[in-house]
There are 2 protein chains.
Amino acid sequence: MAEQVDTARRAPLSRDRVLRAAVALADEAGIDSLSMRKLAQELGVVPMALYKHVANKEELLDGMVDVVVDEIGPPAGDADWKSAVRKRILSARQALLRHPWASRVIETRTTPTPVVLTYMDSLIGMFRTGGFSADLTHHVMHAMGSRILGFTQEMFDDSPSVDPATQAVIFQEMATKYPYVTEIAMAAAHEDDSIVGQGCDDQFEFEFALDLLLDGFERLRETWPSGPRPRAT
Amino acid sequence: MAEQVDTARRAPLSRDRVLRAAVALADEAGIDSLSMRKLAQELGVVPMALYKHVANKEELLDGMVDVVVDEIGPPAGDADWKSAVRKRILSARQALLRHPWASRVIETRTTPTPVVLTYMDSLIGMFRTGGFSADLTHHVMHAMGSRILGFTQEMFDDSPSVDPATQAVIFQEMATKYPYVTEIAMAAAHEDDSIVGQGCDDQFEFEFALDLLLDGFERLRETWPSGPRPRAT
DNA sequence: CTTGACAGGTGTACGACGTACACCTAGTGT
DNA sequence: ACACTAGGTGTACGTCGTACACCTGTCAAG
């Protein structure tokens with residue numbers, strides 16, 4: 001009777017507990033190490049037990065996205081649509097930065113969950129009450145693209161860090177084969193001691209694009225016809 | 001000695017043949033049905049044979065992306081940077097539309113291949129020779145985000161088409177729970193007889209956002225300081 | 001107090017997947 | 001004539017998601 005770790009002692013499972021454990025596991029071990037089996041083990045339970053709380057892995061991932069989206073705070077009370085939207089999007093970005101796997105997972109969802117729909121509805125509402133026509137709001141939401149949920153793709157991630165000598169050789173090759181890319185990478189790294197890239201201020205880039213779009217939206221808001229755009233005949 | 005379908009008759013494999021077959025398979029069966037085993041079968045070969053031509057599945061996917069990027073034509077000869085960039089991006093978009101799996105796969109690549117770098121270099125070059133500073137070009141490329149390779153995420157795909165009665169119920173629920181989303185969906189579907197969405201003109205949306213950005217870039221081009229942006233301090 | 005339904009955890013098993021590793025085989029340069 | 005090698009083969013392992021039958025404790029109705 002030495003060990004009795006069985007079913008009795010541990011807290012009972014629940015959809016919520018499963019989702020939170022999944023998020024935690026993905027946060028610390030990466031989304032690729034998130035399998036139903038590992039998750040079950042983490043919860044001290046047999047893999048199939050999870051299926052009493054989520055239909056399948058897809059639904060698990062949907063639920064995980066919901067957890068992240070729930071972390072986005074409620075809209076700020078700003079009277080000004082522009083700063084209200086800006087704050088909300090930046091808050092979404094913070095949520096996504098806390099869970100690096102989330103953007104990748106969101107991209108693979110095929111159908112929005114109610115939680116996501118609620119978030120989108122509230123965001124759309126900010127434009128509508130800010131004086132945008134339904135039609136213009138539609139285009140504007142499309143224009144925001146991946147920024148709606150607070151992320152943009154990174155193009156390069158940290159390279160596997162070879163020694164400086166070969167790094168220099170690689171750099172020379174890069175510079176001759178892709179002069180423009182190299183120039184841009186240099187410009188980005190001007191406040192950094194690494195040779196290539198990495199020193200790019202993502203937050204700045206994100207806000208740069210966000211503000212560019214918001215400014216564009218503002219201009220359109222005043223000139224856009226209030227009805228739907230005229231149909232081609 | 002009835003059948004002699006063995007190794008002798010079929011054309012020899014090659015990295016190129018493997019990649020093309022993979023692209024074809026993904027095109028017609030979807031990216032989820034692309035496995036090393038199915039691909040091998042398609043080529044009349046044992047799975048492990050593929051590994052003599054690609055290191056692993058990741059490299060296969062990299063190669064497939066290369067095939068797609070190669071389909072993007074060379075830059076137009078326009079003197080005007082803006083229309084040249086515009087054409088190139090729209091041409092990239094066409095390539096991606098021919099291979100619906102490509103955008104999803106591109107998002108999962110961790111390191112750009114030489115082919116992708118070449119494309120990016122040429123695109124950056126269009127801004128640089130168009131009078132953009134290296135610094136501004138950097139930000140501008142970030143701002144383009146997923147549009148660089150010609151796609152934006154779709155939010156909804158075709159729903160599994162239930163009967164009209166329940167569809168109406170669903171619609172009612174949607175309209176009360178997510179009034180703004182519904183309104184937008186309606187606005188988009190005004191030239192369509194389906195009840196919810198679907199009638200959204202993706203090409204229009206894409207160009208809307210693209211032009212919004214390009215116009216914004218144009219304005220910045222004239223006001224942006226030529227050096228790198230000043231450091232905080 | 002019995003019963004039986006049901007929510008929730010278990011155990012086994014299957015078919016896919018990516019790919020390591022040892023092997024074979026045909027063609028080539030010496 | 002022979003070793004080398006590029007390229008195709010066969011077997012095998014570990015991992016994955018999950019179908020299906022089963023067990024067990026709880027609790028309401030008879």
Side-chain angles (χ1 to χ4, degrees), chain A residues 1 3-26 28-65 101 104-105 108-111, chain B residues 1 3-26 28-65 101 104-105 108-111:
Chain A
M1 215 158 289
E3 43 182 352
Q4 247 284 53
V5 204
D6 317 28
T7 163
R9 189 67 78 264
R10 64 158 180 270
L13 243 45
S14 74
R15 184 181 159 89
D16 207 70
R17 244 169 69 74
V18 168
L19 294 183
R20 294 191 181 288
V23 167
L25 185 55
E28 67 197 37
I31 193 68
D32 291 333
S33 335
L34 175 71
S35 68
M36 296 302 269
R37 297 169 123 100
K38 294 233 190 78
L39 178 55
Q41 192 179 346
E42 204 76 11
L43 289 161
V45 121
V46 96
M48 286 312 290
L50 302 176
Y51 289 85
K52 289 281 151 70
H53 303 276
V54 290
N56 49 46
K57 193 175 184 182
E58 284 295 285
E59 203 195 277
L60 176 78
L61 292 171
D62 278 345
M64 292 172 66
V65 170
W101 47 269
R104 203 186 288 283
V105 172
T108 68
R109 299 310 75 211
T110 53
T111 296
Chain B
M1 215 158 292
E3 42 182 352
Q4 246 286 52
V5 202
D6 320 27
T7 162
R9 187 69 78 262
R10 65 159 180 269
L13 243 43
S14 72
R15 182 180 161 91
D16 207 69
R17 244 169 68 76
V18 169
L19 293 183
R20 294 191 182 288
V23 167
L25 185 54
E28 68 196 36
I31 193 65
D32 290 334
S33 337
L34 174 71
S35 67
M36 297 301 270
R37 297 168 123 102
K38 294 235 190 75
L39 178 56
Q41 191 179 346
E42 204 76 10
L43 288 161
V45 118
V46 95
M48 286 310 292
L50 302 176
Y51 288 85
K52 289 283 151 67
H53 302 276
V54 288
N56 47 48
K57 193 174 183 183
E58 284 295 286
E59 203 194 277
L60 176 78
L61 292 171
D62 278 344
M64 292 171 66
V65 170
W101 47 270
R104 203 186 288 283
V105 173
T108 69
R109 301 306 78 211
T110 54
T111 297

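Quick note on labels: first sequence line is chain A, next is B, and so on, each numbered from 1. Excluded from the calculations below are hydrogen atoms, water molecules and symmetry mates; all remaining heavy atoms, backbone and side chain alike, are included.
Atom CG in B:L39 sits 12.0 Å away from atom OG in B:S33 (nearest 0.5 Å). The distance from the CZ atom of B:R17 to the CG atom of B:L19 is 11.5 Å, given to the nearest 0.5 Å. Taken from CZ in A:R109 to CE in A:M64, the straight-line distance is 9.5 Å, to the nearest 0.5 Å.
The nearest whole Å value for the distance from the CG atom in A:L43 to the C1' atom in C:dT10 is 15 Å. Following rounding to the nearest Å, A:H53 (NE2) and D:dT18 (P) show an atom-to-atom distance of 16 Å.
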Side-chain donor-acceptor pairs of residues 42-55 of chain B under 3.5 Å, sequence neighbours excluded:
none

Identify each atom pair where a protein N or O and an N or O of nucleotides 10-17 of chain D are less than 3.5 Å apart, giving names and distance.
residue : atom : partner : partner atom : Å
D:dC16  : OP1  : A:S35   : OG           : 3.2
D:dG17  : OP1  : A:M36   : N            : 3.4
D:dG17  : OP1  : A:K57   : NZ           : 2.8
D:dG17  : OP2  : A:M36   : N            : 3.0
D:dG17  : N7   : A:R37   : NH1          : 2.3
D:dG17  : O6   : A:R37   : NH1          : 3.1
D:dG17  : O6   : A:R37   : NH2          : 3.3

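Side-chain atoms of A:T108 and A:R104, non-hydrogen and from C-beta on, never get closer than 4.5 Å to each other.
Contact detail for B:L34 and B:K57: the closest heavy-atom pair is O-NZ, 2.9 Å.
Comparing B:E58 and B:K52 by the nucleotide of DNA chain C whose heavy atom lies nearest to each, the residue mapping closer to the 5' end is B:E58. Projected onto DNA chain C by closest heavy-atom contact, B:P47 and A:S14 fall at different nucleotides, the more 5' of which corresponds to A:S14.
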